[in-house]
Amino acid sequence: AASPASYQGSDPVSVSLSCEVPMCRIFYTMDGSDPVADESPEYTAPVSFSTPGTVTILRAINSVPGFPQSSPVQSFQCLQCPTPPMDMPP
């Protein structure tokens with residue numbers, strides 16, 4: 001899960017990712033592409049967003065040894081954007 005799931009404002013924001021399954025590892029991307037276990041960056045601390053006028057699509061997956069990786073979850077971050085992107089949730 002991503003918290004916050006979306007943000008549109010003027011202040012820098014940090015996004016926390018979590019998984020409640022033991023031995024779970026989280027991998028993410030910040031370009032909207034699907035993350036891949038053991039290839040994409042591994043989440044170890046909240047991800048910060050601070051560049052005004054940019055939209056970032058954070059996507060994350062959970063990976064647990066012996067199980068298929070999860071479907072990606074998506075989080076939109078928009079700092080000082082004049083209007084939300086068309087696919088950004090309200």
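- No side-chain heavy atom of Phe49 sits less than 4.5 Å from a side-chain heavy atom of Ser14.
- Judged as a salt bridge (Lys or Arg N to Asp or Glu O under 4.0 Å), the pairs with a partner in residues 17-28 (not counting sequence neighbours) are, in order, Arg25-Asp38, Arg25-Glu42.
- Residues in residues 26-37 take part in these salt bridge (Lys or Arg N to Asp or Glu O under 4.0 Å) pairs, two or more places apart or across chains: Asp34-Arg59.
- Hydrophobic clustering, with ILVMFWY side chains joined whenever heavy atoms are under 4.5 angstrom apart, keeps Val73 apart from Ile61.
- Atom OG of Ser6 sits about 10.5 Å away from atom CD of Gln74, to the nearest 0.5 Å.
- Taking 4.5 Å as the limit, some side-chain heavy atom of Phe27 sits within range of a side-chain heavy atom of Ser63.
- When atom types are taken as modelled, the side chain of Ser70 and the backbone of Asn62 share a donor-acceptor pair closer than 3.5 angstrom.
- Counting heavy atoms from C-beta outward, Val13 and Ser48 have side chains that stay 4.5 Å or more apart.
- For the atom pair SG of Cys24 and CG of Leu17, the computed distance is 10.0 Å after rounding to the nearest 0.5 Å.
- Listed for the Tyr43 side chain is no donor-acceptor partner under 3.5 Å among the backbone atoms of Val47.
- Between Ile26 and Ala60 the shortest heavy-atom distance is CG2-CB, 4.1 Å.
- Residues Thr29 and Leu58 fail the side-chain proximity criterion, which asks for heavy atoms closer than 4.5 Å.
- Pairs of residues two or more places apart, or lying in two chains, never qualify as salt bridge (Lys or Arg N to Asp or Glu O under 4.0 Å) while including a residue from residues 61-70.
- The OG atom of Ser33 sits 10.0 Å away from the CD1 atom of Ile57 when rounded to the nearest 0.5 Å.
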